[in-house]
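Just so you know, residue 1 is the first one in the sequence shown, and it goes up from there. Computed from a prediction, not measured in an experiment: that's the story for all the values here.
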Amino acid sequence: MARDAIRRLCKDLEQLERSNNPQLTVRPSEESMLEWHFAVHHLPDDTVYAGGCYHGKIIFPKMYPLSPPALVMLTPSGRFEVNKRLCISMTDFHPESWNPAWTVESILVGLISFMVDERETRSIGAMLEPPEVRQRLAATSAEFNRSSPEFCALFPELAVGQATQHPHQPLSAVLGGGGAQEDPGPGRPNGAPRRRPRRATLLWQRLTGRGSQRPSPRPHSPAPAQKATRPPTGGPPRKSGPARRPPVAR
């Protein structure tokens with residue numbers, strides 16, 4: 001079933017890149033392709049988390065999307081405990097409320113909604129420090145993240161403080177390839193351009209360890225050809241009976 005999870009994660013990645021959500025940056029882990037890391041940033045200015053950047057990870061089960069993932073926050077925010085699985089409606093704490101139609105983006109958008117809603121306080125892994133503490137943690141979050149080698153490796157553009165200029169760097173920058181862009185490569189006649197593989201294809205190659213592209217659907221086998229039949233002619237139908245003999249000339 002891990003293969004089905006990989007297929008679904010490729011689709012989730014494609015949706016993330018199409019939406020280009022300015023508050024989310026998501027990357028797969030270098031260790032396990034069922035573990036994705038994310039950074040939440042550019043939160044609303046009217047919240048105590050403005051200016052903060054919060055690192056976390058999603059751990060997907062092999063049965064994803066039939067089973068929900070686990071969410072863990074790694075950057076102190078005063079809202080969530082660090083290195084502890086979160087108990088919210090779209091995590092593995094509540095499989096009864098999980099909807100397989102939810103995507104990685106919808107999970108993280110729900111996490112942000114939970115984070116800024118101060119009415120939601122009673123939950124495993126959730127907390128609510130005073131506003132001044134959460135503002136201080138937001139101001140020091142960038143420094144905290146830079147002390148993490150894993151964060152710097154996965155989110156180099158955020159680690160060097162370029163989140164304002166480049167809030168969403170394509171995954172292709174990490175995978176070493178481009179999106180669906182024209183790339184004039186050597187060996188092409190007359191310098192004809194060739195298309196680079198899609199980012200989801202690059203992810204599929206990393207997930208499966210294969211050099212080929214993602215498997216395509218099985219080819220549709222055409223239906224056997226039928227014999228052509230003579231179309232019916234107009235007029236009343238002939239009466240059945242013995243064949244008439246041709247007249248004999250006398």
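Nearest approach of Pro61 to Ala5, heavy atoms of both residues: O-CB, 4.2 Å. Heavy atoms only, all atoms of each residue included: Ser89 and Ser97 are closest at O-OG, 3.0 Å. Residues Ser141 and Gly52 come closest through the heavy atom pair OG-CA, 3.4 Å. Listed here is the closest heavy atom pair of Pro76 and Tyr54: O-CE2, 3.9 Å. Here the shortest heavy-atom pairing between Ala126 and Phe80 reads CA-CD2, 4.3 Å. When all heavy atoms of Trp98 and Pro65 are compared, the closest pair comes out as NE1-O, 2.7 Å.
Of the possible donor and acceptor atoms, none in the side chain of Arg8 sits under 3.5 Å from a partner among the backbone N and O of Arg3. Side-chain atoms of Thr47 do not come within 3.5 Å of backbone N or O of Val116 as any donor-acceptor pair. Between the Ser113 side chain and the Val109 main chain, a donor and an acceptor come within less than 3.5 Å of each other. Listed for the Arg79 side chain is a donor-acceptor partner under 3.5 Å among the backbone atoms of Met115. Side-chain N or O atoms of Ser123 include one that pairs as donor or acceptor with a backbone N or O of Cys87 at under 3.5 Å. A donor-acceptor contact shorter than 3.5 Å links the side chain of Gln23 to the backbone of His42.
Side-chain contact check for Tyr49 versus Arg134: some heavy-atom pair is nearer than 4.5 Å. Between Phe151 and Cys53, the closest side-chain pair of non-hydrogen atoms falls below 4.5 Å. A heavy-atom distance below 4.5 Å is found between the side chains of His55 and Phe155. Inter-residue side-chain proximity for Val40 and Leu108 is flagged as unmet; no heavy-atom pair is nearer than 4.5 Å. Looking at heavy atoms from C-beta onward, Arg18 lies in side-chain contact with Glu14 at the 4.5 angstrom threshold. Side-chain atoms of Leu66 and Asp4, non-hydrogen and from C-beta on, never get closer than 4.5 Å to each other. Using a 4.5 Å cut-off on side-chain heavy atoms (C-beta onward), Glu81 and Met73 make no contact.
Atom CD of Glu143 has 12 or fewer neighbouring heavy atoms from other residues, nucleotides or ligands inside a 6.0 Å radius.
With sequence neighbours left out, Phe38 forms a ring pair (Phe, Tyr, Trp, His ring centres under 6.0 Å) with no residue at all. Annotation: side chain to side chain donor-acceptor pair (under 3.5 Å) contacts of Ser19 (sequence neighbours excluded): Glu105. For Glu129, there are no salt bridge (charged side-chain N to carboxylate O under 4.0 Å, His left out) partners, not counting sequence neighbours. Scored by the side chain to side chain donor-acceptor pair (under 3.5 Å) test, Arg85 finds Asp92 as partners (sequence neighbours excluded).
Hydrophobic clustering of Ile, Leu, Val, Met, Phe, Trp and Tyr side chains at less than 4.5 Å, counting indirect connections, keeps Val72 apart from Leu9. The hydrophobic cluster containing Leu158 does not contain Leu74, counting ILVMFWY residues as joined when their side-chain heavy atoms lie under 4.5 angstrom apart, directly or transitively. Cluster annotation: Leu137 and Val48 are assigned to distinct hydrophobic clusters (Ile/Leu/Val/Met/Phe/Trp/Tyr, side-chain heavy-atom contacts under 4.5 Å, transitive). Following chains of ILVMFWY side-chain contacts shorter than 4.5 Å, one can reach Tyr64 starting from Trp102, so the two form part of one hydrophobic cluster. Cluster membership check: Leu86 does not share its hydrophobic cluster with Phe93, using side-chain heavy-atom separations under 4.5 Å among Ile, Leu, Val, Met, Phe, Trp and Tyr.
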| said: Pair Trp36, Leu154 - check side chain to side chain contact (heavy atoms under 4.5 Å, CB included), show working. | reply: CA-CA 10 Å; Trp36 285 28; Leu154 290 172; over 6 Å; no
| What do the steps show when you test Val26 against Asp12 for side chain to side chain contact (heavy atoms under 4.5 Å, CB included), and what is the final call? | CA-CA 11 Å; Val26 183; Asp12 287 1; over 6 Å; no
| request: Could you go through the salt bridge (Lys or Arg N to Asp or Glu O under 4.0 Å) check for Glu150 and Arg27 one step at a time? | output: CA-CA 11 Å; Glu150 188 172 38; Arg27 304 277 159 75; over 6 Å; no
| side chain to side chain contact (heavy atoms under 4.5 Å, CB included) assessment of Lys84 paired with Ile124 | CA-CA 9 Å; Lys84 190 171 184 178; Ile124 298 177; 4.0 Å; yes
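Residue pairs that meet the salt bridge (charged side-chain N to carboxylate O under 4.0 Å, His left out) test with at least one member in residues 42-60, sequence neighbours left out, do not exist here. Residue pairs satisfying the side-chain hydrogen bond (donor to acceptor under 3.5 Å, both in side chains) criterion with at least one member in residues 65-78, sequence neighbours excluded, are listed as follows: Thr75-Asn145.
Atom CE of Met90 sits about 9.5 Å away from atom CD1 of Ile58, to the nearest 0.5 Å. Here OG of Ser29 is found 10.0 Å from CG of Leu34. Values are rounded to the nearest 0.5 Å. Atoms OG1 and CG, on Thr103 and Leu16 in that order, are 6.5 Å from each other to the nearest 0.5 Å. Distance check: Ile107 CD1 to Ile112 CD1 gives 12.5 Å after rounding to the nearest 0.5 Å.
His41 and Thr25 are linked by a side-chain donor-acceptor pair at a separation below 3.5 angstrom, with hydrogens and angles left out of the test.
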